[in-house]
Structure formats: structure tokens, C-alpha cells
Amino acid sequence: FSPGQPCRYPTPSLASRGRGKMRVRRCSGVAANQAAATPAPAVAAAAAAVAAPPVSHGTATAASGARESPLALGTCSVLVASAALSATRRRGRGAGAHGGHGSSRVVSVAQRAEAESGDVDAVQVVQGQMPNGVVQFRAVYSKDTPRYGEEFDRHEGSTENVYLLKPENTPWVMVGALESQSSTNELLQQLKDTDAKQELMSRLGHLVLQYFDGKQVPFIEALILQRPAESTPLLVHGSTPIIIALKNNLSQEALDRCRLVPVKKNTTLEIEEGRVMRFVLTPTEKLPEALVAFDPATGTLFSGKFFSAHRTIPSTAQLFDTRGIAGWEQYADDWFHFFDVYFFTKTAQAAIRKIFMLAENLHGPDVEEIAPLHGPVIQEQVWKLMAKYEAWTEQKIREEDRRDREVLVMYASAYGHTKTLAMAIADGIRSSGTYVNEMDLEHSSAAEVSRALEACDGFVIGSPTLAGEMPTQVKEALGVVLSSAAETKVPCGVFGSFGWSGEAVDELQSRLKDGG
């Protein structure tokens, strides 16, 4: 990894949120020439709860009595290098209706101070009116805004989308949560002392969360704590991992003034008489908390991370996609890149097929539009994009099934140099079409090394030389290798980084030769 790029290593309790081709399993803890740490997704350690059988069924408003086992939340360091930004940012301008698809107006532009880097970014908050009566709030990030993570590698900017359903005579429903402290502050500041804010806080009854990594806490707490004191508790709906994470991240005051409602299989939410929102749990390895929500009355699928795209959609642009080939090409690369980062496994394929089941009835409501957490609201390309997701996952799985060679690249690194060699070796092997399993021995158990050796067709092992010896982690891995050598013989190699001696590399080579 070069300086300025994020270290995308998860904690042991969470499957990697990096691209599947890398298959990096554990966090190295340190990386040379990189600085500034941020917490891992808060929902990480709650991932295992998804596999548990449902505690209860029925409507969401009746599900609050379900019990969850408290889980400790894991953290890891995400290391990034500071980036210098220009002090000048372009500010958006208000816009009226666009092409009959609804209207947008600028709510606010905030200067957001980034605590971890000291940078200041322009975040524009835009309100859009959708034709079906749903209101969209979106925080707009320009291409110049530094966003760290592989999903932002295209550097096309991004949006964070929140949707408000406003039934006439029953409590309002909000889907999603802003992830920026400044966009939360500026949105509420813009509405301060206005009838719009008073109406929002008094009428809002439900908040549906489809994704949670801890950044949403300021927004969630603002909605809870700025409601009138005499109002009923805000019902916060989410999958079991989200509910557990909220219990560990919200303040006690916020927890006392809300009611956490776990979404289970077959859970529904009655928005108003004859209008029932359906929830579908769609967990994947990288998004164990994921769920989608379908509003049959409007045909709107609130898809969460599914069908999202990272691209700036300013106030002057229409918030929907457009029809035809040109409409597809406008966002095709962004849709595919987001898919390629998150949805490439059989578990993701199963989740996508659950979404398709919402449209399996011969008669009745169908998916007319997709409202994702990021990117445009999709109307014209709905079924093409859904079909593409199925085709893309099938292609990924076929590629995985076709691979007939696997090389294990395992290493320990004291100062990052052996790790750099390991990455270069892995890239070279991968360029031949061979699957590579990379393993940082500092964060891998003997059992994991054993399983990786059983699956591979060859391996290389790298070590630094510390005081004339290899580190303990490499010694333990070598012991596992030698204990299995009698059963399985495969091609192998050694490498390492050292200044003047290199005894560890020589010892690895001789021990492997002696072991056969």
C-alpha cells in the first residue's frame, strides 16, 4: 500500500469490506509512512447475530420485546495519510423542477472540519421532492472531497441519501441517516425555528436504518433528542446487528427517549391503513446488518447499499436516472464499481435473489423505483440494473469456481518492508490468473494457517530478521508447515527484508528443504 491509501483490514470479527479479489484476512496493525486512525464499523462484532434464528415474528411495532445478547464491539485502526485541500470550494445554487421528475433546492452548504486530518470540506445538503410524495434529503460530496476506502476509488464524489415518507394522518417514516456531523448540524440549523422543523420533530414516528458504522450517531441522536419532550418515543427499526450496535453507541439519554425495534423475518411496518412496508433481511459477509424496505403503495424499494453508486449529484442535477442507452451509460461504471466492492459472493447473490422475491407475484405491486443510500434514485433503469446485479454475481461466482490454482502468500512484517514485498509477490502471481490468498501471520492463528495450507497448491512465506532470528509468528507458522509436510507436498518459496544479515530467510529455506 502506498502512502495516502487506506489500510482496509478488518477486525477478526468482521469479514473484509475490501474487494474480494484481495482476500486480506487480518489487520496488520501498523503501516509504514501512514498516519491518523479512525474506528472500524461499529456494527462489526454484531455480525454473528445475523445467523441466529429469529426470536419473533409479526409487525415491527410489536417486536420490541425481543432480547439480544450484548456483544462487545471490535475496533481496528484504519490508517490514512493526511491530504492537503484547497481552502476554496464551489458552492451549489438552488434549482427548480427538473423535467417533471420532481424538484430540488439547496438546504445548506456547510464547511465541515475533519478531526482526523484537519481538512475542511464543502458539504452541500439538498432537498428533493419525488413525484410519489417522498422527500429526499441528500448530502452532496464533490469530487475534491477526500473519501477513504476502495468504494471511493473512482473519485467521482458521492451523496448520502435519506428519505421521508409523510402519510397524512399517521406518524411519518424516515429511511436512512446522514453520516456527516456537519450535514446533520446544517440541515437542522436550516430548519431551526421553522414550522418545517417543528412539524418534522412532532410528526416523525419511525426511523428505519439499513446500514450503520457509527458515523450516523449524531444524526440519530439529533432526531431523538430534539423531539418535543411530551412526544412518544421514536421507534428505531433495524436488523439485530444494528440494534446491538445502537445499544453500545447511543447515549443513555437517547436510549431512554427511543425504542429500538429489531427487524426479523416477515416483519412489516404499517405506515397507514392499507399501506404496509415490507422488510427483507439481506445480510452479506461485508454488510451483515443490511436490509431493504419496500413500500408497495409507491412501488419504491429502499435498497440501502444495494444498487448504490458514488457520484456527485448537485442541486442543479435531476435526482433520478434517465432512460435509454445514454441513461445507462451515465452511471454504469459507478454502479458496477460499487457492486464490485460489496457484492461478489454467493451470500451476496442470495441476498440479491431475496430482493427479487419482492416482485415474484403475478399480480399486485411491483418495484417501480429504487431509492439507494448513495447515488441517483433509479426509475428508468430499474429492471436492467437489477438484472445486471444477478448477471454480475453469477459471473463472479463462475470465475471463482473456475480457478484451479491457489497460492498462499503468508508473512510477518516489523516495519512494513516485508509486507511491501509480499504485496508485490502477490500481484505478480495474480497477474498469471492464479488466485492468491494473502495472510498476515501476526493476526492469524495456527488453525487458520493449517486450513490455508490445506487449500493451497503452493505457498511462499516471508519474514524480517530481528536480532538474527525470525519473529515468533513466523516460527509458529513454520511449525504448522513442517507438521503437515508429510501429508502434503507443494511448491514453496521464501522471501524477506533485511539490512545486513538475513538469517531468517536462510533458516526458512533450510528448514523447508530439510522438511521435504
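Numbering starts at 1 and runs along the sequence shown. We use all heavy atoms of the structure for the numbers below, so side chains are in, but hydrogens, waters and symmetry mates are not.
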With a 6.0 Å cut-off on the ring centroids, do Tyr389 and Phe307 count as close?
yes

Using a 3.5 Å distance criterion without hydrogens, assess whether the side chain of Thr268 forms a donor-acceptor pair with backbone atoms of Arg278.
no

Look at the side chain of Gln136 and the backbone N and O of Val162, then say whether any donor-acceptor pair between them is shorter than 3.5 Å.
no

Could you go through Lys265 and Thr267, starting from their C-alpha distance and side-chain angles, then the distance that decides it, and tell me whether this counts as side chain to side chain contact (heavy atoms under 4.5 Å, CB included)?
CA-CA 6 Å; Lys265 184 179 180 182; Thr267 295; over 6 Å; no

Among side-chain atoms of Gln226 and Lys197, is any donor-acceptor pair under 3.5 angstrom?
yes

Once you measure the plane-to-plane angle for Trp392 and Phe336, does it fall in the parallel (<30°), tilted (30-60°) or perpendicular (>60°) bin?
perpendicular

Without hydrogens or angle criteria, can the side chains of Asp295 and Thr298 be said to hold a donor-acceptor pair below 3.5 Å?
yes

Indicate whether the side chain of Thr240 and that of Lys264 have a donor and an acceptor atom separated by less than 3.5 Å.
yes

Specify the closest pair of heavy atoms between Ile313 and Gln318, including all atoms of both residues, with the distance to one decimal.
CG2-O, 3.7 Å

Give a yes or no on whether the backbone of Arg227 and the side-chain of Ser231 come within a donor-acceptor separation of less than 3.5 Å.
no

Judged by modelled atom types alone, do Glu221 and Ser251 share a side-chain donor-acceptor pair under 3.5 Å?
yes

Backbone of Gly324 reached by a side-chain donor or acceptor of Gln381 within 3.5 Å:
yes

Residues Glu160 and Arg138 bridged, charged N to O under 4.0 Å
no

Do the charged groups of Arg147 and Glu156 touch, with an N to O distance under 4.0 Å?
no

Interatomic distance, CZ@Phe137 vs CG@Leu178, rounded to 0.5 Å, equals 9.0 Å

Under 3.5 Å side-chain donor-acceptor pair for Asp333 and Tyr331:
no

Glu390/Arg353 salt bridge by N-O under 4.0 Å criterion
yes

Passes side chain to side chain contact (heavy atoms under 4.5 Å, CB included), Ile378 versus Glu369? Steps please.
CA-CA 5 Å; Ile378 305 152; Glu369 67 179 5; over 6 Å; no

Pick from His374, Arg154, His310: which one makes a side chain to side chain donor-acceptor pair (under 3.5 Å) with Asp334?
Arg154

Hey, are Tyr211 and Glu289 close enough side-chain-wise for a donor-acceptor pair under 3.5 Å?
no

Using side-chain heavy atoms (C-beta onward) and a distance below 4.5 Å, is Met201 in contact with Pro228?
yes

I'd like to know if Lys215 pairs up with Glu179 as an ion pair, taking the criterion as any Lys NZ or Arg NE/NH1/NH2 lying under 4.0 Å from an Asp or Glu carboxylate oxygen.
no

Any luck finding a side-chain donor-acceptor pair between Glu285 and Thr347 under 3.5 Å?
yes

What one should report as the nearest heavy-atom pair of Gln124 and Ser315 is OE1-N, 3.6 Å

To the nearest 0.5 Å, atom CG of Leu373 lies from atom OG1 of Thr159 at 9.0 Å

Regarding Ser142 and Asp144, do their side chains bring together a donor and an acceptor under 3.5 Å, going by distance alone?
no

